[in-house]
There are 2 protein chains.
Amino acid sequence: MNESKELAEVAGAESLGFRPLYRQVRDRLIRRLVDGVWAPGEPLPSEIQLAAELGVSQGTVRKALDAMAAENLVVRRQGRGTFVARHDEERIMFQFFKLVGDDGRRTFPQSRVLGLSVAKANAAERATLKLAKDTRVIRIRRLRSIDGAPVIVENIALPEPMFPGLAAMELPNNLYGLYAMRFGVTVASTREQLKAVSVCETDAKALSTEAGAPALKIDRLALSLERQPVEWRVSVCLTDKLHYLSELR
Amino acid sequence: MNESKELAEVAGAESLGFRPLYRQVRDRLIRRLVDGVWAPGEPLPSEIQLAAELGVSQGTVRKALDAMAAENLVVRRQGRGTFVARHDEERIMFQFFKLVGDDGRRTFPQSRVLGLSVAKANAAERATLKLAKDTRVIRIRRLRSIDGAPVIVENIALPEPMFPGLAAMELPNNLYGLYAMRFGVTVASTREQLKAVSVCETDAKALSTEAGAPALKIDRLALSLERQPVEWRVSVCLTDKLHYLSELR
DNA sequence: AAGTGGTCTAGACCACTTC
DNA sequence: AAGTGGTCTAGACCACTTC
């Protein structure tokens, strides 16, 4: 039995072209993730349970879950179940952190907060984070080091309303984990723009190098499950012993 | 009927762990692509035909073809058929060429050959391209420009035995298309390592800029369908009006 | 109208994990 | 032994393209 018409009505998509059942199931399950029905690391109900509950076949649920696994939203483990993806350091490291030592080793850098402030968003922040006028942002400046050697200075801007109280918290190394755990905000994808630049005076001091040295500037916008801007981060990286790894197929 | 045992024997994989049927079908179809049974742009037989020929269900063929489509090896078009992926400029541009104008426009740069030579591979080339001692390489140096402005100098190394006669050919803008059409070599994936560097004297002259200017160095290794090294390319890019775009999820 | 890939179902069995 | 996801089949029907 094909219930796509009913589900389409439930999801509120009338005749916007053809939208297959498994897509609707996927969208409904993502909505539940957004709503925090299951916390990161928790198992979802089994395929059979979800199929019965949603009134579709197990195969359709499987196709929806496979699509979500391909998007790194859930993790599937044969014999165990399907789990909400977690933002632990290991995942961040392989999914979003592309800097690798020239010897091939990946090391997650330690962080030290250099400065933190809250203020009205400036024009660039409003445009990048798609903020309404007068929205406040939290600005964080951090120095990141590997084996004690400073390699990255980063300037982070966050929409204050999305992260109430964050400015007063102790900040961990892995901010994405904090966003997920404390604010229910999941970073699902990022867009990074890379350029080569000369290090400016200020950054040079923080990095213990000379002004004018070449550095890799990474301008990153992080998006939530709902594709809303969550964080804008501009990093300046010394790439003497590191490189940015990009694998394409 | 499940014929996985038979196919496993055909493929010569005995008890190397479990290897599902659709995987074996995928591997056999990739072998045919490597052998040039179907040329780029040509349609494969329909799912039903392949299923009958290989003695598996249509669903299993579908799963194999879907996996190949996810790897960009074939293109599937509803109502028309499944086609061998082509290395046309448009595909290269979106799949392997990550430099985008700061205005968001993608422009495939024009190329001019600055130099070409054939010689025994040096140690670095042997190591990177996994070549036997005394193997010869073709070295190409090109200048690439957008709207007439030079933005990239690239140094390319190719294993001579894989591309016999290439050194004497007229070289098009899009080398990957040439490799596929004239030598049956498909670039299926690349690994890029990015660093920020200072432009050296020689490159500065070619790029009409000053030595010491910051530039993005892209060290790219291209692999074939069989994951053999095909091309080593080191590009030095001026990123004043361009950036390298990396989208992660 | 005929042919293609895309979706959906139902059911059998397998690989793997947990108890 | 029981439960999970993974594979495979067979068959119906749909969306889309071509003739």
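For the numbers below, each heavy atom of this structure counts, side chains included, while hydrogens, waters and symmetry mates do not. Each chain gets a letter, A, B and so on, in the order its sequence line appears, and its residues count up from 1.
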Got more than 12 heavy atoms from elsewhere within 6.0 Å of CD, B/Glu89?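 Yes, because the 6.0 Å sphere around CD of B/Glu89 holds more than 12 heavy atoms from other groups.
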Output the residues of residues 39-46 of chain A in contact with DNA chain D, where contact means a heavy atom of the residue under 4.0 Å from an atom of the strand; sort by number or write none.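 By residue number: A/Ser46.
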Which parts of residues 74-84 of chain A get close to DNA chain D, meaning a heavy atom less than 4.0 angstrom away?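 When residues 74-84 of chain A is checked for heavy atoms under 4.0 Å from DNA chain D, the hits, listed by number, are A/Arg76, A/Arg77, A/Gln78, A/Gly79, A/Arg80, A/Gly81, A/Thr82.
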Under a plain distance cut-off of 3.5 Å, with no hydrogens placed, do [Y] and [X] share a side-chain donor-acceptor pair?
X: B/Thr190; Y: B/Arg220; answer: no
X: A/Asp102; Y: A/His243; answer: yes
X: A/Tyr244; Y: B/Glu192; answer: no

Rounding to a whole Å, what distance do you find between [X]:[atom1] and [N]:[atom2]?
X: B/Gln24; N: D/dT7; atom1: CD; atom2: C1'; answer: 12 Å
X: A/Met68; N: D/dG5; atom1: CE; atom2: C1'; answer: 15 Å
X: B/Tyr22; N: C/dA15; atom1: OH; atom2: C1'; answer: 13 Å
X: A/Leu21; N: C/dT9; atom1: CG; atom2: C1'; answer: 11 Å
X: B/Leu65; N: C/dT4; atom1: CG; atom2: P; answer: 13 Å
X: B/Ile48; N: D/dA12; atom1: CD1; atom2: P; answer: 13 Å
X: B/Asp66; N: C/dT4; atom1: CG; atom2: C1'; answer: 14 Å
X: B/Arg19; N: D/dT7; atom1: CZ; atom2: P; answer: 13 Å

Which nucleotide in the set C/dG5, C/dT9, D/dG5 lies at the smallest distance from any side-chain heavy atom of A/Ser57?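 So the side chain of A/Ser57 is nearest to C/dT9.
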Which nucleotide in the list D/dT7, C/dT7, D/dT9 gets nearest to the side chain of B/Val56?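 Looking only at side-chain atoms, B/Val56 lies closest to D/dT9.
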Quick test of your reading of the model: are [X] and [Y] salt-bridged, counting only N-O distances below 4.0 Å?
X: B/Asp219; Y: B/Arg233; value: no
X: B/Arg31; Y: B/Glu226; value: yes
X: A/Arg249; Y: B/Glu71; value: no
X: A/Asp27; Y: A/Arg19; value: yes

OP1 or OP2 of D/dT9 less than 4.0 angstrom from a side-chain nitrogen or oxygen of B/Thr60, does that happen here?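 Yes, within the criterion.
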Contact under 4.0 Å: B/Lys63 side-chain N or O vs D/dT7 OP1/OP2: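 True: B/Lys63 side-chain N/O within range (under 4.0 Å) of D/dT7 OP1/OP2.
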Taking a pair as Watson-Crick or G-U wobble with both distances under 3.5 Å, which nucleotide is matched to D/dT17?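 The answer is C/dA2, by the H-bond criterion.
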Test of understanding: with side chain to side chain donor-acceptor pair (under 3.5 Å), list the residues that count as partners of B/Asp66, not counting sequence neighbours.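 By the side chain to side chain donor-acceptor pair (under 3.5 Å) rule, B/Asp66 matches B/Arg76.
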